[in-house]
Student: 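To start, I am sharing the structure in question, which I have written as structure tokens.
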Amino acid sequence: MINSDENITKIINFIKEKTGIDINQDKFKKFYAKKIEQIIKEENYNNFPGLYSDLISNKNPDLIQKIINTVTINETYFFREEEHFRIMVKNIIPELMKIRPQGETINILSAPCSSGEEVYSILIHLLENPHLIRERDFMIIGIDINTSALEIAKKGIYTKGSMRAVPPHLVSKYFIKEKNFYRIKNSLQEFVSFENVNVRDKYSMKRLGKFDIIFSRNMFIYFDEHSRKETIATFYSMLKPEGYLILGHTERIPETSEMFVKQKHKNSIIYKKR
Ligand SMILES: C[S@@+](CC[C@H](N)C(=O)[O-])C[C@H]1O[C@@H](n2cnc3c(N)ncnc32)[C@H](O)[C@@H]1O
């Protein structure tokens, strides 16, 4: 049904508008066309105009969610780009503790969190620095657009691949080994929460509140320029004064940005709200 280039372009543009994800025709044909055809069949569509009209009018949220789950790349693992977490506990949080009023919670957002490894990596680094959690309360929220990834995050059950960068003494401290899986200890789950939110939906984003630190790693690499710019502006508006935005190692904010000051720490670049 979506085999003409014209129809494929329409679907690609719909995905870009909705999520920010920019997929070219070749990649779409190679990786996604078959899977999306299958979803369309399951949802009982038999002509493209009917399908397309339901997509753009948001008439079938289930269909849209299935397409989103198909085109999002959820690769992640615990302690990925670990230097960021070390900078968080050594530099960012001590600095914020000095300027935030006594008793104010430090709010941290992981957007996107995929299956939750980033959220738990943040938490484990905090727990490994008890002087920080003795002094302050922390709130950690993970959001993602992919509902299958979020199900894993909520269950907290991971495969060996996700654990590849976690030092063995921390594996035994924070996880329970079950056959071929590793389950995050229940006591950790109560410190974090996960929500299905699209970063392109400004209203839902702002409803999450204001944050001291936003991690947004390895999502912008899939976005088009316009969506990237708009989402950076959304993050800016969600950060408290002098809050920090942390992107993936290959992602950058344009040098000309007046929203953030770039800070270099060893091999990492982080961004502080002006
Ligand atoms: C490669 S993972 C990165 C996960 C983690 N931050 C890390 O660096 O390991 C990219 C995630 O971005 C999510 N994503 C893509 N577009 C999104 C959007 N518009 N809103 C929220 N999440 C999105 C995908 O579902 C996927 O889980």
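For ligands, and for the atoms within them, numbers begin at 1 and follow the listed sequence. Note: hydrogens, waters and symmetry copies are ignored here, and every other heavy atom, side chains too, is used. Nothing here was measured: the structure is a model prediction, and the numbers come from that model.
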Student: Can you see whether Tyr182 has Lys177 sitting over its ring - NZ or CZ less than 6.0 Å from the centre and within 45° of the normal?
Tutor: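 Positive - Lys177 is close enough to the ring of Tyr182 and near enough to its axis.
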Student: Assess whether a salt bridge exists between Glu178 and Arg183, defined as any Lys/Arg side-chain N lying under 4.0 Å from an Asp/Glu carboxylate O.
Tutor: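 Yes, this pair counts.
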Student: What donor-acceptor contacts under 3.5 angstrom involve side-chain atoms of residues 149-162, with partners at least two apart or in another chain?
Tutor:
unit_1	atom_1	unit_2	atom_2	d
Tyr158	OH	Ser115	O	2.7
Ser162	OG	Glu117	OE2	2.6

Student: Test: salt bridge (charged side-chain N to carboxylate O under 4.0 Å, His left out). Region: residues 126-140. Which pairs qualify, not counting sequence neighbours?
Tutor: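 Pairs touching residues 126-140 that pass the test: Glu128-Lys173.
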Student: Less than 4.0 Å between a side-chain N and a carboxylate O, is that true for Glu43 and Lys66?
Tutor: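 Salt bridge present between Lys66 and Glu43.
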Student: Sequence neighbours excluded, which residues qualify as side chain to side chain contact (heavy atoms under 4.5 Å, CB included) partners of Val89?
Tutor: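 Expected list: His125, Leu126, Asn129, Leu132.
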Student: Could you pull out every protein residue that has a heavy atom closer than 4.0 Å to ligand 1, ordered by chain and then number?
Tutor: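 Ligand 1 is contacted, at a heavy-atom distance under 4.0 Å, by Thr19, Ile21, Thr72, Ile73, Asn74, Glu75, Thr76, Arg80, Pro112, Ser114, Glu118, Asp144, Ile145, Asn146, Val197, Asn198, Val199, Arg217, Asn218, Met219, Phe223.
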